[in-house]
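The analysis underlying the following values was restricted to heavy atoms, covering all of them including side chains, and did not include hydrogens, waters or symmetry mates. Here is how names work: the chains are called A, B, and so on, in the same order as the sequence lines, proteins then strands, and each is numbered from 1.
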Amino acid sequence: MTAMRVDAKVVMLGKESVGKTSLVERYVHHRFLVGPYQNTIGAAFVAKSINVGDKVITLGIWDTAGSERYEAMSRIYYRGARAAIVCYDLTDNSSFQRARFWVKELQTFEEHCKIYLCGTKNDLVEGDRSARQVDFHDVQDFVEEIGAQHIETSSKTGNNVDALFMKVAEDFSNSAFELLPEEKGVNLDPKKNSYLYTCCHH
Amino acid sequence: MSQRSERRGIHVDQSELLCKKGCGYYGNAAWQGLCSKCWREEYQRARQKQIQEDWELAEKLQREEDAAYASSHGSQSQPSLTAFSKFEEKKTNEKTRKVTTVKKFFSPSSRSTTKKEKERDEEREKERERERGEKVQGRRESHGETLLRDLKGIFTHSWEIGSPTEESHEAKSHSPSFVHQSSVETDQVSREFVDFLKSLKPGREIHKQSRAFVESMGNKKDLGADELSECVQDFYQNMSDRLLTHFKGSSEKVERVMDQVEKYIMTRLYKSVFCPETTDDEKKDLTTQHRIRALHWVTIQMLCVPVDEEIPEAADSVVKAITDIIEMDSKRVPRDKLACITSCSKHIFNAIKVTKKEPASADDFLPTLIYIVLKANPPRLQSNIQYITRFCNPSRLMSGEDGYYFTNLCCAVAFIEKLDAHSLNLSVEDFERHMCGGGGGDVSPRRRSESLSPWPLELLSALQERQQQVLEEARDLQAELQRWQEGVAREVQDILDKYPLEIKRHAAHAIDSENDENDRLPPPLQPQVFAG
């Protein structure tokens with residue numbers, strides 16, 4: 001049994017072959033495998049620890065099956081997720097339409113889940129601008145409307161991949177700590193005279 | 001999880017210490033800044049909501065499935081269906097039937113129904129046999145206890161010719177009795193638990209609490225499954241909170257202790273809270289089992305499973321995965337059940353890796369898991385899923401690796417329940433034809449075992465032979481019992497005829513006159529005079 005404790009559940013959503021698994025593979029193993037089955041490389045569950053400031057956050061990254069035949073079950077997957085990385089292929093407009101579907105689902109059923117829209121295969125559109133089918137600014141508008149985050153990545157070059165997961169971890173860390181902001185307030189360290197503000201005192 | 005990290009930042013001013021609901025009491029970081037009262041309300045509401053949602057989802061799936069059934073099975077009925085409904089009927093009527101079958105052997109009046117009964121028995125027998133064939137294969141590695149249970153199952157369930165005491169025992173264990181559980185296994189677990197706690201400072205306290213909890217659950221047997229689940233979850237929560245705050249345990253250590261606590265408690269509560277009578281878990285089990293049987297024609301290609309069973313290692317992994325998922329039912333502790341699912345998943349990954357020469361993704365994994373579930377038809381699948389959902393430590397279920405595989409299993413079951421032509425890339429007509437068994441000879445059991453089951457036909461036919469043998473012997477026994485009953489009656493009558501009852505007056509006599517050992521008694525004591 002795995003002893004690894006996981007702090008936050010992160011689900012990867014997106015149409016088949018948009019590169020969910022490659023993204024995870026790139027992030028966790030720092031590699032990009034080229035081959036006939038490019039779309040299906042990697043493992044389905046990964047636990048990865050990230051240093052955020054002085055804290056260590058362990059993300060449990062859940063890969064999901066993107067095929068439409070499993071669409072009805074996706075709700076079971078993202079239940080209780082703290083973050084969802086919704087992937088779409090920059091060179092495939094239909095994948096973005098599907099991404100919108102997931103965003104809607106998430107907003108309806110999992111309101112505490114932070115949404116990250118991730119355009120994949122950025123390297124393909126960098127080389128050839130005509131290959132791009134999803135406009136950056138359109139997505140940006142959409143993202144602002146729904147209050148989500150947006151990033152374009154390339155698993156092949158590694159561009160923005162670490163940044164994406166770092167952002168997820170930071171946001172999680174901040175949301176977990178926002179109940180107790182560290183900047184202001186009284187230090188309850190016993191050496192200080194604010195010692196008396198304890199629960200039992202009242 | 002989040003709570004743990006929150007606890008580290010303890011720089012707050014006084015207003016932050018108050019309950020976030022503004023009720024005036026102090027809040028607690030462990031309760032997300034709420035006071036205990038508000039937290040409990042909040043928590044309860046969230047839980048209630050979740051339960052409600054789960055329930056609605058399940059109901060929806062059920063409805064859809066029922067609708068699918070009504071349309072596909074309205075006109076034609078399949079032979080295996082009728083056999084199965086018999087099986088179902090048998091399970092639900094188990095208790096009443098138990099009484100009647102014992103009587104059946106002795107009362108001549110019920111003999112008119114015997115033939116019908118026998119036919120039904122035969123049909124059930126075949127059903128069982130098929131199941132058992134799978135189990136024999138699946139449980140080769142499982143321990144003696146389950147074997148024993150299976151054996152008992154053969155004799156009490158399908159034949160019901162066991163002694164009355166055995167039957168009452170069986171019946172008792174079905175009802176929510178908390179007392180009737182001191183088996184070898186529970187004793188073993190208790191001993192291990194105590195040994196484990198010896199090394200801990202608060203060990204005595206933990207043991208006391210756990211015991212008290214198990215006993216208190218004994219008084220709550222009338223509660224519904226959701227309430228029971230809530231009790232157990234509350235206990236987990238309280239216990240781990242206490243360990244974290246009072247005994248200052250590190251979170252890893254607390255987790256280890258909680259695993260042991262879960263093991264101890266759930267081994268003891270298992271019989272009363274697994275598939276309880278207050279729920280329709282059993283019905284759902286049967287529906288799912290039925291559904292999987294009806295889908296026996298689904299092939300690896302239809303599901304797009306990336307596993308090539310021609311490769312020996314892949315085929316081996318598939319068999320191991322099936323074994324693991326079937327074995328899940330024999331475990332008592334939710335965590336052990338989860339471990340079976342995880343192990344099954346690991347074998348699946350291996351099978352995919354061997355076939356594709358690459359590690360697998362979720363797009364490969366889910367279809368393969370669905371295929372494995374279809375092939376294994378694990379016993380009491382829904383009950384097991386419900387049991388894990390209700391009684392597993394939630395931190396394990398929600399985010400960890402085990403949780404991931406468990407979620408996939410839930411998805412696989414949901415997929416199987418609502419599977420239609422579209423999800424298999426079949427035309428609606430083809431799908432209907434398959435479901436109605438109209439695909440020519442496709443549905444014959446022989447064909448089925450060739451296409452889907454890797455288990456040798458010899459094993460099944462050997463089992464069938466043995467079954468036949470048992471059947472015949474039982475018939476002999478029944479006949480013999482009949483003869484014996486008549487024989488006794490005849491003898492009694494003979495004797496009554498020979499020695500008609502007549503009452504004689506006995507002359508009064510001394511009480512010990514009939515004792516023929518009087519001679520051997522010592523002589524009565526003679527009075528003696530001692531000069532004093």
Side-chain angles (χ1 to χ4, degrees), chain A residues 1-9 12 16-17 20-21 24-25 33 35 37 39-45 47 55 57 60 62-67 69-70 72-77 79-82 109 172-173 175-177 179-189 194 197-199 202, chain B residues 1-14 16-17 20 25-29 32-33 50 53 57 251-252 255 304 306 335 338-339 342 345 349 356 358-367 395 398-405 407-408 410-412 414-415 418 422-425:
Chain A
M1 230 178 206
T2 35
M4 187 75 121
R5 250 189 35 252
V6 173
D7 295 314
K9 168 174 165 182
M12 308 290 298
E16 256 176 318
S17 77
K20 298 183 294 291
T21 322
V24 177
E25 187 76 4
L33 300 175
Y37 298 106
N39 56 335
T40 48
I41 303 162
F45 175 88
K55 298 174 285 280
I57 303 277
W62 292 37
D63 193 7
T64 63
S67 167
R69 59 166 76 170
Y70 308 120
M73 268 78 70
S74 56
R75 215 179 303 166
I76 306 178
Y77 272 118
R79 175 177 298 156
R82 301 299 296 258
F109 300 107
F172 169 72
S173 162
S175 71
F177 279 84
L179 295 168
L180 299 166
E182 288 194 74
E183 285 77 28
K184 50 177 185 169
V186 184
N187 193 341
L188 288 182
D189 199 295
S194 55
Y197 291 127
T198 53
C199 180
H202 100 127
Chain B
M1 283 189 43
S2 60
Q3 299 159 4
R4 232 166 270 133
S5 27
E6 280 155 27
R7 212 165 271 118
R8 274 208 242 153
I10 32 175
H11 311 280
V12 277
D13 68 26
Q14 198 183 1
E16 301 264 354
L17 280 173
K20 292 186 77 180
Y25 288 97
Y26 279 95
N28 188 331
Q32 294 181 355
Q50 166 110 41
E53 273 171 17
L57 190 65
S251 49
E252 281 82 15
E255 208 148 294
C304 308
R335 199 164 54 94
L338 273 185
T342 303
S345 305
F349 278 117
K356 296 183 72 174
E358 279 158 6
S361 76
D363 289 313
D364 304 320
F365 174 68
L366 186 58
S395 66
M398 280 317 288
S399 42
E401 188 169 12
D402 296 327
Y404 179 73
Y405 299 130
T407 305
N408 272 289
C410 296
C411 281
F415 180 81
K418 56 191 306 183
H422 174 68
S423 40
L424 293 174
N425 294 332

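Across all their heavy atoms, A/A44 and B/S361 have their closest contact at CB-C, 4.3 Å. Between B/A414 and A/I76, the shortest heavy-atom distance links the atoms CB-CD1, 4.0 Å. Here the closest heavy-atom approach between residue A/V6 and residue B/G400 is recorded as CG2-CA, 4.1 Å.
Taking the six-membered ring where the residue is Trp, A/F45 and B/Y404 present tilted rings, their angle falling between 30° and 60°.
With values rounded to the nearest 0.5 angstrom, B/D363 atom CG is found 6.5 Å from A/D63 atom CG. How far OG1 of B/T407 is from CE of A/M73: 13.0 Å, rounded to the nearest 0.5 Å. Separating the OH atom in A/Y77 from the SG atom in B/C411 is a distance of 4.5 Å, to the nearest 0.5 Å. Rounded to the nearest 0.5 angstrom, A/R79 CZ and B/Q50 CD are separated by 5.0 Å.
Using a 4.5 Å cut-off between heavy atoms, A/R75 contacts chain B through its side chain alone, with no backbone atom that close. Looking at B/P367, the atoms closer than 4.5 Å to chain A (heavy atoms on both sides) sit in the backbone and in the side chain alike.
Applying the side-chain hydrogen bond (donor to acceptor under 3.5 Å, both in side chains) criterion to B/S423, with sequence neighbours excluded, gives B/D420. Take A/R69 and apply the salt bridge (Lys or Arg N to Asp or Glu O under 4.0 Å) test, not counting sequence neighbours, and it matches no residue.
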